[in-house]
2 protein chains.
Amino acid sequence: MSRIVNRGAASAPTLADVAEVAGVSRQTVSNAINNPDLLRADTLARVQEAIDELGYVPNRAARNLRTRASHLIGLRARPAPEGTAHALMDRFVHALVDTSRTAGYHIMLVTDDPEDRTGTAGYDDLLRSTAVDAFVVTDTHLDQPQLAFLESRRARFVAFGRPWADPDAGHPWVDVDHAAGAALATEHLIGLGHTRIGWIGWHKDSRIGEERRSGWSRVLKAHGLSTTAMASRVEDTIASGRSAAAVLLDEARPTAFVCASDTLAMGVLHLLDERGLRMGEDLAVVGYDDSLVAQCLPGGLTSVRLPLEQVAEEIVAALEGLLARPSYVGPGVLLPPTLRVRGSSGPRLG
Amino acid sequence: MSRIVNRGAASAPTLADVAEVAGVSRQTVSNAINNPDLLRADTLARVQEAIDELGYVPNRAARNLRTRASHLIGLRARPAPEGTAHALMDRFVHALVDTSRTAGYHIMLVTDDPEDRTGTAGYDDLLRSTAVDAFVVTDTHLDQPQLAFLESRRARFVAFGRPWADPDAGHPWVDVDHAAGAALATEHLIGLGHTRIGWIGWHKDSRIGEERRSGWSRVLKAHGLSTTAMASRVEDTIASGRSAAAVLLDEARPTAFVCASDTLAMGVLHLLDERGLRMGEDLAVVGYDDSLVAQCLPGGLTSVRLPLEQVAEEIVAALEGLLARPSYVGPGVLLPPTLRVRGSSGPRLG
DNA sequence: GATCGGGCTTGGAACGATCAACCCGAAGGT
DNA sequence: ACCTTCGGGTTGATCGTTCCAAGCCCGATC
């Protein structure tokens, strides 16, 4: 069953059509839509009536052409790698779409063109062609060159993530206080009576990883507890988390772990599973990101939850400043995460 | 630290600028971009050179206005509810973005405006205002009225999901063969030696749920195995999955469960955890959706994997037909899922 | 040598909105 | 009485591209 369809093309009503019906000029209709307070109440009502009658909807392309704006924000994001717990994108994307809508923007998804090695030409084109007004970029820690390129091109964008390389960078940014999150997790474990708390984190070249790690070490030191031989830095995979946990557990005998991600935490849980140890009771584990995995796991994985909804709000606020004329670039925003306590951090120690 | 920035507005080069540099007319430049084969090779080269020299990028708004097309596809999707394992959106969205790009389209995200109860006005506006050329709609099973509305408005859209109400609906659709997935899971368990296989699914009014369930019952019957008292229909939450499993386990004593979702399967695993039973060994469990949770869980959750990349490809193909002139609507496409075998379905029985 | 035709090129006119400037009458100040 | 101001509305120009119909050039044909 297939067919050729010929859609009737009764062309849509334009501003001029509405103007004629309402007995006013084009501009007045335009004002009725964009600056209603410029019109007298009775005129406004008459125009509105004509709009409703004709079912008029402004043509975006024409408006975009004239105003040199598209009210479209490009979201540059890479998908969560399979096999990791990392699914914050879903939540963040939705929060961003919602917040943007209330501000009159729509979100357009952009991913890297695998054929473009620099991964930047496409973005530049989108901006220059007025396809998007600005970008929201994530994964800033991974793409220093790209960020530099965007800045050099005077591209308009807001970063979810600090400008690690240049704290004084000229672009707006919003980030989560990663150290505070790890500190929260560590304090929580100390509060439960733990004194030997290990860290499983990312490689040293990960700025976020080091940031999170600093929260852990700072709190331990503040409580006079030792960090020596208690930390491991590995790749963000379940397998590395598992083996890092195995080594630390045998050598330093921690009673709890704080992990730089839920993925690594899952690695610890894999190890517990293998060794027949009970999560929470034999070993406390805290993850990071509050992924779906943390939420769904039997017993639940205690995890640091990123305030993605607030991040989205701050990003949209920054976008509005960026796109205002003259554009306004405020200071970077750092938001505190929270801790979701679940079974994996176990009961208070005897 | 905040500041007012005044960006230099060296206005972008236009078609006319390129034409002047290349010593040809606007139309020739336009042809060089859109119909290169209409030009003599040397002219084309000269134009291309001018384009590169000026760094010209066609203005989308102007093109959209003239051609009455935006090359933007609206993706209507709702976020995964927190606390469920359901994270297929991430993968599907990315697949769709990638496939669309190769076809020259971009994806714009759309969610329901909570203030608009019908949830349809917004979509209609977007189409009429030429903001998007067409929609991709998901969750078709949940929104019958919306689908009907879109059809009545002659809106252009492709559905991810069968037109359950009217199998002969006029819009293109792509769906996964849900029954086949459940059948795959059931066959797998039978192959492992199970004969008492339970079903935990969704309420009867869920068409997808019933479809998946039919795969399970069909296979059992084909093998002469009983389905009586072996099935339960509940909400898609971990808690309901857990209690459904508890009841079935006590009353019908199945040795394996096929679940309509990974979320429900996680419910079963929660129960095992409570009762101190071992997943896979004491009870085999198969989920549906191949979520990150299934992948990350210690031992792993065997699950039915949806061919989302292929779905995306078929959807884009359907979109291209829909947007061609005259538009072409092909028959619906049904794609087979696959099974990802992991620890939760356990070893071959005794 | 005039005509024809095909391949390229050309200027002008849309597409549908907003911007900038202007217009008009009534109110208020000097 | 005259000038200014201001609210409320109009008109022509413009954004940058593609469509349209006509024009040009050149070689081939009669």
(request) For B:Glu320, look at atom CD and say whether over 12 heavy atoms of other residues, nucleotides or ligands are found less than 6.0 Å away. (result) yes
(message) Tell me whether the side-chain N or O atoms of B:Arg66 pair up with the base of D:dT17 as donor and acceptor below 3.5 Å, since no angle test is needed here.
(response) no
(message) For the backbone of A:Gly104 and the side chain of A:His71, can you confirm whether one donor and one acceptor N or O come within less than 3.5 Å of each other?
(response) yes
(message) Donor-acceptor check, side chain of A:Ser327 to backbone of A:Ala324, threshold 3.5 angstrom: yes or no?
(response) no
(message) Using a 6.0 Å cut-off, check whether atom CD of A:Glu20 has over 12 heavy atoms from anything other than its own residue.
(response) no
(message) With the threshold set at under 4.0 Å for non-hydrogen atoms, list the residues of residues 21-31 of chain A touching DNA chain D in residue-number order.
(response) A:Val24, A:Ser25, A:Arg26, A:Gln27, A:Thr28
(request) Decide whether B:Thr111 and A:Asp98 meet the rule of one side-chain donor and one side-chain acceptor closer than 3.5 Å. (result) yes
(request) Keeping the roles fixed (side chain from B:Arg46, backbone from B:Ala22), state whether a donor-acceptor pair exists under 3.5 Å. (result) yes
(request) Identify, residue by residue, the members of residues 34-42 of chain B with a heavy atom below 4.0 Å from DNA chain D, and return them in order of residue number, or none. (result) B:Asn34
(request) Return the nearest nucleotide to the side chain of B:Thr67; candidates are C:dG16, D:dT18, D:dG16. (result) D:dT18
(request) Whole angstrom is fine here: how far is it from CG in A:Leu65 over to C1' in C:dT18? (result) 10 Å
(request) Using side-chain hydrogen bond (donor to acceptor under 3.5 Å, both in side chains) as the criterion, point out the one residue from B:Asp133, B:Thr130, B:Asn64 that pairs with B:Ser70. (result) B:Asp133
(request) Ignoring backbone atoms, test whether A:Arg68 places a side-chain nitrogen or oxygen under 4.0 Å from the OP1 or OP2 oxygen of D:dG16. (result) yes
